[in-house]
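The next block holds one structure in the form of structure tokens; read it before the comments.
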2 protein chains.
Amino acid sequence: MKPNIKIAADIIIFAITDLTLKILLIKRKYQPFAGLWAIPGGFVEENESLEDAARRELREETGLTDIYLEQLYTFGDPNRDPRGRVISISYFAVVAEAKSVKGGTDAAEAQWFPVSDLPYLAFDHQRIVLYAIERLRNKLEYTTVGFSLLGEKFTLTQLQQVYEAVFNKSLDKRNFRRKVLQLKVLEPLKEWKREGLARPARYYKFSETKFEKLKDKGIFFL
Amino acid sequence: MKPNIKIAADIIIFAITDLTLKILLIKRKYQPFAGLWAIPGGFVEENESLEDAARRELREETGLTDIYLEQLYTFGDPNRDPRGRVISISYFAVVAEAKSVKGGTDAAEAQWFPVSDLPYLAFDHQRIVLYAIERLRNKLEYTTVGFSLLGEKFTLTQLQQVYEAVFNKSLDKRNFRRKVLQLKVLEPLKEWKREGLARPARYYKFSETKFEKLKDKGIFFL
DNA sequence: ACAAAAGTGTTCGATATACACCCATGT
DNA sequence: ACATGGGTGTATATCGAACACTTTTGT
């Protein structure tokens with residue numbers, strides 16, 4: 001009936017390295033837009049849910065599983081792809097460290113770019129990326145996505161650096177610490193990060209159980 | 001290539017009547033789920049943008065144009081439609097009054113239902129509706145969608161009733177009035193609603209120009 | 001005069017912001 | 001002892017929540 005509309009799942013993958021918010025882009029090997037940078041993605045298979053497709057692409061591009069993934073928006077302008085009607089269901093993912101990158105089949109090359117310094121992008125991907133950044137910033141304020149940008153354990157300074165990188169502004173140390181500790185979702189570890197010639201910093205971890213209790217009380221609304 | 005995936009645009013249409021938040025449902029005439037209630041929608045045409053498709057469906061079902069419309073979420077479970085793979089791109093719309101309803105071609109009947117008393121719905125539409133309600137509630141807090149549920153001019157009491165209907169709880173009159181007036185987006189009219197045997201209530205209108213100024217200052221972030 | 005709904009201020013607690021010094025460690 | 005980053009408290013402004021009476025009109 002409805003002829004030949006194709007569905008793509010495209011993913012904006014965020015990570016932080018060098019105190020900078022970055023996204024993963026791949027250089028296109030084939031037409032259209034061969035040689036240009038684009039966000040990773042691919043077509044949705046016949047019997048695959050949309051999120052499964054996104055996770056599959058994510059695994060193919062980065063080798064990562066078990067990471068934060070959320071549907072972003074669906075872009076369906078009839079002319080957004082010169083090959084014909086392709087509707088892009090975009091997702092955004094948040095990974096703990098900007099590594100584990102391997103080239104996929106459609107990709108010549110994969111590389112992390114600071115969001116403040118992006119190359120010219122294929123298709124309407126610039127728009128998608130800008131929207132994803134906005135969403136990430138909003139979500140950082142009232143959810144716990146921030147923790148997904150860090151590993152299992154982290155210091156409060158590292159956590160603050162995540163917020164500073166995403167918002168691209170510096171925060172007051174005392175106010176920041178009070179605020180995150182008041183959330184009561186962090187568990188202090190009996191472990192310290194000792195590095196160089198300074199006072200060791202305490203490690204914390206995000207406590208899923210504490211978080212669930214607060215959700216039940218309606219403090220978070222995700 | 002990718003065979004025969006169909007794209008539907010489905011719309012949750014909100015309105016308030018009798019101090020109650022309602023959505024428009026249509027009774028399905030044909031299989032599958034013939035005789036069950038469903039949210040209005042239809043397939044996206046070949047050369048139509050997604051939002052255009054949603055607006056077209058909306059016009060066909062209600063006769064309304066120029067109303068608030070926003071993409072909600074894309075539901076694409078492989079088994080959500082027994083006829084085959086149908087991906088539903090859902091929108092939510094907000095109209096000023098629960099009238100202007102005519103039956104569409106696929107619909108036997110159209111009717112407004114209070115969100116607190118919905119019938120059993122076809123497909124995965126229950127889930128979609130619940131998600132839309134949640135989104136509407138969130139958006140009411142930090143945007144101006146609320147005004148879309150009212151006509152051109154309205155009294156502060158009517159505005160409060162909108163918020164009370166959506167949140168399903170009563171609000172303090174003094175706090176509510178102070179809060180909306182502080183937003184500085186309402187313009188008092190030299191016109192009063194005189195009705196029955198009580199003191200007349202002043203009409204206000206939403207002032208687009210005042211709103212734009214505030215947006216420029218970053219007070220709203222929509 | 002009274003019934004009905006409109007309109008109006010103040011107090012209090014919680015939360016956000018601004019701001020500067022001491023502490024623990026390695027070299 | 002000193003350089004490095006970790007860690008801590010207080011004062012002020014702002015915002016949301018609770019709460020009751022007077023005003024204007026029609027009958």
Side-chain angles (χ1 to χ4, degrees), chain A residues 16 18-19 137-138 140-144 146 150 153-205 214 217-221, chain B residues 18-19 137-138 140-143 146 150 153-205 214 217-221:
Chain A
I16 288 180
D18 306 323
L19 308 184
R137 287 193 175 133
N138 284 340
L140 206 59
E141 282 179 339
Y142 63 93
T143 70
T144 57
L150 292 165
K153 63 185 184 189
F154 47 84
T155 67
L156 294 183
T157 300
Q158 288 172 329
L159 183 59
Q160 182 173 345
Q161 286 162 348
V162 164
Y163 278 75
E164 290 179 333
V166 175
F167 288 130
N168 195 30
K169 70 174 181 191
S170 59
L171 303 171
D172 182 87
K173 190 174 20 168
R174 286 164 291 187
N175 292 338
F176 179 81
R177 291 163 104 94
R178 183 181 23 249
K179 199 158 143 189
V180 299
L181 290 175
Q182 269 173 356
L183 289 179
K184 306 257 188 230
V185 296
L186 292 187
E187 194 169 304
L189 302 178
K190 287 210 171 56
E191 206 176 335
W192 281 261
K193 175 178 170 229
R194 36 192 75 244
E195 193 179 73
L197 58 164
R199 175 173 177 176
R202 181 155 210 163
Y203 276 120
Y204 289 78
K205 69 170 192 176
L214 290 177
K217 289 186 197 158
I219 295 174
F220 289 94
F221 57 96
Chain B
D18 308 322
L19 307 184
R137 287 192 175 135
N138 284 339
L140 207 59
E141 283 179 339
Y142 62 94
T143 71
L150 291 164
K153 63 186 185 189
F154 47 85
T155 67
L156 294 184
T157 300
Q158 288 171 329
L159 184 59
Q160 181 174 346
Q161 285 164 347
V162 164
Y163 277 75
E164 290 179 333
V166 175
F167 289 129
N168 196 29
K169 69 174 180 192
S170 58
L171 303 171
D172 181 87
K173 189 171 25 164
R174 287 164 290 185
N175 292 338
F176 179 81
R177 292 163 104 95
R178 181 181 24 247
K179 199 158 142 190
V180 299
L181 291 175
Q182 271 173 355
L183 289 179
K184 304 258 188 230
V185 296
L186 292 186
E187 194 169 304
L189 302 178
K190 287 211 172 57
E191 208 177 333
W192 280 260
K193 176 178 170 228
R194 36 191 74 246
E195 193 180 73
L197 57 163
R199 175 174 178 174
R202 180 154 211 163
Y203 275 119
Y204 289 77
K205 70 169 190 175
L214 290 177
K217 290 186 197 158
I219 295 174
F220 289 94
F221 58 97

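Chain letters run A, B, ... following the sequence lines, proteins first and then strands; every chain starts at 1. Every heavy atom of this structure was used, including side-chain atoms; hydrogens, water molecules and symmetry mates were not.
Rounding to the nearest 0.5 angstrom, the gap separating the CZ atom in Arg199(A) from the NZ atom in Lys193(A) is 14.0 Å.
Two residues are said to be in side-chain contact when any heavy atoms from C-beta on lie closer than 4.5 Å; Val162(A) and Phe167(A) fail this criterion. Side-chain contact between Trp192(B) and Tyr203(B): absent, with no pair of heavy atoms (C-beta onward) separated by less than 4.5 Å. A heavy-atom distance below 4.5 Å is not found between the side chains of Phe176(A) and Leu181(A).
Within 4.0 Å of Arg177(A), counting heavy atoms only, lies at least one base atom of the nucleic acid.
Distance Leu171(A) CG to dA18(C) P: 11 Å, rounded to the nearest Å. Atom-to-atom, OH of Tyr203(A) to C1' of dG5(D) comes out at 14 Å; the value is rounded to the nearest Å. Taking atom NZ on Lys173(A) and atom C1' on dA18(C), their separation rounds to 15 Å, with Å as the unit. In this structure, Leu181(B) places its CG atom 8 Å from P of dT8(C), rounding to the nearest Å. The distance from atom CZ of Arg202(A) to atom P of dT25(C) is 13 Å, rounded to the nearest whole Å.
Taking every heavy atom of both residues into account, Leu140(B) and Gly146(B) meet most closely at CD1-CA, 3.4 Å. Contact between Asp172(B) and Asn175(B) at its shortest, heavy atoms only, is OD2-N, 2.9 Å.
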Hey, can you pull the donor-acceptor pairs under 3.5 Å for the side chains in residues 154-161 of chain A, sequence neighbours left out?
{"from": "Thr155(A)", "atom 1": "OG1", "to": "Gln158(A)", "atom 2": "N", "distance (Å)": "3.1"}
{"from": "Gln158(A)", "atom 1": "OE1", "to": "Thr155(A)", "atom 2": "N", "distance (Å)": "2.9"}
{"from": "Gln160(A)", "atom 1": "NE2", "to": "Glu164(A)", "atom 2": "OE2", "distance (Å)": "3.1"}
{"from": "Gln160(A)", "atom 1": "NE2", "to": "Leu171(A)", "atom 2": "O", "distance (Å)": "2.9"}

Protein-nucleic acid N or O pairs under 3.5 Å, nucleotides 13-17 of chain C:
{"from": "dT17(C)", "atom 1": "O4", "to": "Arg178(A)", "atom 2": "NH2", "distance (Å)": "3.4"}

Contact list (N/O, under 3.5 angstrom) for nucleotides 25-27 of chain D vs protein:
{"from": "dT25(D)", "atom 1": "O2", "to": "Leu197(B)", "atom 2": "O", "distance (Å)": "3.4"}

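Within residues 155-170 of chain A, the residues having any heavy atom under 4.0 Å from DNA chain D are, by residue number, Thr157(A). The stretch residues 185-193 of chain B has no heavy atom under 4.0 angstrom from DNA chain D at all.
Listed by first and then second residue, the salt bridge (Lys or Arg N to Asp or Glu O under 4.0 Å) pairs that reach into residues 176-190 of chain A come to none, sequence neighbours excluded.
Among dG9(C), dT8(D), dA6(C), the nucleotide with an atom closest to any side-chain atom of Arg174(B) is dG9(C).
A donor-acceptor pair is defined here as one N or O able to donate and one able to accept, closer than 3.5 Å; such a pair exists between the side chain of Arg202(A) and the backbone of Leu189(A). Using modelled atom types, one side-chain atom of Arg137(A) and one backbone atom of Val166(A) make a donor-acceptor pair closer than 3.5 Å.
For the pair Asp172(A) and Tyr204(B), nearest-nucleotide mapping onto DNA chain C gives the more 5' position to Tyr204(B).
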